[in-house]
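Proteins come first, then strands; the chains are lettered A, B, ... in the order of their sequence lines, and each starts at number 1.
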Number of protein chains: 2
Amino acid sequence: MTITIRDVAEAAGVSTATVSRALRGLPNVDETTRAKVKAVALSMDYVISPSASRLASGRTGSIGVVTPQVAGWYFSTVLSGVEAVLQQAGMDLLLMSVGDESSPVPRNLVAPRLNRRVDGVITIALAPQDAQLQSVLSLHLPTSLIGAAIAGVSTAGIDDVAAARTATQHLINLGHRRIAVITGAPPGEFFTAPHARYLGFTDLMREAGLAVDPALETRGYFTIAGAESAMTKLLAERERPTAVFAMSDEMAFGAMRSLRNHGLHPGRDVSVIGIDGHDMSELLDLTTVAQPVQELGGIAAEALMRQIRSDDGQVPTHVQVPTQLIVRGSTAPPAN
Amino acid sequence: MTITIRDVAEAAGVSTATVSRALRGLPNVDETTRAKVKAVALSMDYVISPSASRLASGRTGSIGVVTPQVAGWYFSTVLSGVEAVLQQAGMDLLLMSVGDESSPVPRNLVAPRLNRRVDGVITIALAPQDAQLQSVLSLHLPTSLIGAAIAGVSTAGIDDVAAARTATQHLINLGHRRIAVITGAPPGEFFTAPHARYLGFTDLMREAGLAVDPALETRGYFTIAGAESAMTKLLAERERPTAVFAMSDEMAFGAMRSLRNHGLHPGRDVSVIGIDGHDMSELLDLTTVAQPVQELGGIAAEALMRQIRSDDGQVPTHVQVPTQLIVRGSTAPPAN
DNA sequence: ATGAAAGCGCTAACAG
DNA sequence: CTGTTAGCGCTTTCAT
């Protein structure tokens, strides 16, 4: 029924070993032989059996990508960067989503599902202390992290502290003094983007001699809706902020929405800045600190491939790509 | 080094066959034996080797998901629906992106990459005549289509004609007579969403006794930027349209952006309606015909699983989920 | 440069 | 209910 390497070997008048070598481009095969084998294989529509190949070689030819969610701008954009590189490297991409830590029902660990089926793993935005990430690391597979840094593991990301500083600096430069922040997760819970960005914010505020009013710190949970109510809460303050730093563009969108619902105009009445460089930020005229999200995925995937190919303990790489302040209409000098 | 089924068998004092049965929950195993085997396997951290299992059984336990792009709201949202179902079904998800047909360099066909490594395939928004889809179908694997219909294959989608009619009707009901359309791909090239939606539009216009002015038909290529310039072109017409039907929300966003750049206000000056129910549509106050995108992914995945489980030729299912008109500020009666 | 042969770790009859 | 025994289709020494 299905045609095997032996059929090809017979048809080509060589051994299965030679077919295997020829088709995989291994050395020590006469080029004439190789050409013939290839031709025969092609004519017979021969396709190598991955399962058999994997079993015999121990290599799976696939990479697991672990992410807290598959929908959402950031995740899907990173994923597309990863996918492009893996495809080009001839690797299969196994997608596994793990709810994030805050999910009510603790999902099963991914590690078992990853265990014997991938040659390496890429995680997206999993915090170092996350149980899922820990379980992945315990597999001792080549691993590459996106948006989180751990010593000894390849990572790709931005300098979150610097990005937050850039955003804050921009607001201060415009003349803002009363600046609110919409954080994602509670800062400090994990040392990851929210925490680092919070640090960058408070550091710079302190350096500028500005107070960080606890009443102006709210949580937006990295969602539009969450940030919208956070902003609404901020607007209820007796002394409103003149500017808001949202830790993600989507949260900035939510803040802008709240402003509009209150008859306020982003930029004119209250300045809003985000971090991301979301596809929609241009459309919504949002000032933001852009990060090359897709590129991050590509970088992580390439680091992983390098690690797998030179299967000795290749030194893990830590790539930090620059961010870029993009000024648009949502930020302006304070009205008063 | 790695522990195999035989280690477990010996430790448990049974044969490998029994271990295999016990662990997979097959019948004809004494529950006492099963419990013991499970305990031993657990204590030894035994994990079944997928490659070996696949080779021996012929089943891969994984599903290929073929999509024109992995980033983008529609695709990532569908994908998340698919992923949820597959994960719950214990299936691996192999993600493969194929550029779309319009890509300059014709990518390699996915079929070979899919060939012996999946038990079934789900395609997202691949048109019936698309060479990639054809190659997938030629594999004769259980297949489930999202956003495209082909007889004999399970499909999940919306009634694109009806959705377009609903959108058009809404504009007509508001009193619009001069209605423009921003299509995606050139209509007719493939019989899929763009074509069906175009049909719905023209049908209803005709029924309403309204002319479809060729000058008011433009292409937005399903992108924000594309639609923006399409809208700009429409605004240059001597006789501007009072309303625009964009075949996707993202194109509607682009149209709205163009309006704003021209000092016009969506709804007040020109009405805009889209199709999708994009996450951002609420934020941008866009009237749209919403489709349950994530659900479509789930439905397709479930249909596929059913097909695979009852491995006889399960009758393909054709699910068409309803859409819903969501009226927001971007549509209003014509100004004049 | 090529071939022979021994597995890789599991599943699936087939016996018992 | 459980064990025996062939493979599944390829890779990989080890010879030649």
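Between A:D119 and A:R309 there is no salt bridge, since none of the side-chain N atoms of the basic residue sits less than 4.0 Å from a carboxylate O of the acidic one. For the pair A:K36 and A:D30, the salt-bridge criterion is not met [side-chain N within less than 4.0 Å of a carboxylate O].
Between the side chain of A:R21 and the base of C:dG3, a donor-acceptor pair under 3.5 Å is found.
Between B:R54 and D:dC10 there is no side-chain polar atom (N or O) within less than 4.0 angstrom of OP1 or OP2. Phosphate proximity of D:dT12 to A:R24: present, with a side-chain N or O under 4.0 Å from OP1 or OP2. Phosphate proximity of C:dT2 to A:T33: present, with a side-chain N or O under 4.0 Å from OP1 or OP2. OP1 or OP2 of D:dT11 sits under 4.0 Å from a side-chain N or O of A:S53. Under 4.0 angstrom from either OP1 or OP2 of C:dG3 there lies at least one side-chain N or O belonging to A:S15. The phosphate of D:dT11 (OP1 or OP2) has a side-chain N or O of A:S20 nearer than 4.0 angstrom. Side-chain N/O atoms of B:R59 include one lying less than 4.0 angstrom from OP1 or OP2 on C:dA12.
Within the 4.0 angstrom heavy-atom criterion, only backbone atoms of the sugar-phosphate kind lie near B:T2; the bases stay farther away.
Remark: P of D:dG7 and CG of B:L55 are 14 Å apart, rounded to the nearest angstrom. One atom, CD1 of B:I48, and another, C1' of C:dA12, lie 13 Å apart when rounded to the nearest Å. As rounded to whole Å, 14 Å separates atom C1' of D:dT13 from atom CG of A:L26. Between B:I5 atom CD1 and D:dG7 atom P there is a gap of 19 Å when expressed in whole angstrom units. If you measure from atom CG of B:N115 to atom C1' of D:dG9, you get 14 Å, rounded to the nearest angstrom. Whole-Å rounding puts the A:N28 CG to C:dA1 P distance at 5 Å. In this entry the distance linking CZ of A:R6 with C1' of D:dG7 reads 10 Å, nearest Å. The CZ-P distance, from A:R117 to C:dG9, rounds to 16 Å in whole Å.
Here the side chains of A:L79 and A:L93 are in contact, with some heavy-atom distance below 4.5 Å. Between B:T143 and B:S154, the closest side-chain pair of non-hydrogen atoms is not below 4.5 Å.
Nearest nucleotide to the side chain of A:S57, out of C:dA12, D:dT11, C:dG9: D:dT11.
Both B:T18 and A:A56 sit near DNA chain D, but only B:T18 has its closest nucleotide nearer the 5' end. Annotation: of the two residues near DNA chain D, B:V14 and B:R116, the 5′-most nearest-nucleotide partner is B:V14.
In summary, the side chains of A:Q307 and A:S144 do not present any donor paired with an acceptor at a separation below 3.5 Å, with no hydrogens or angles considered.
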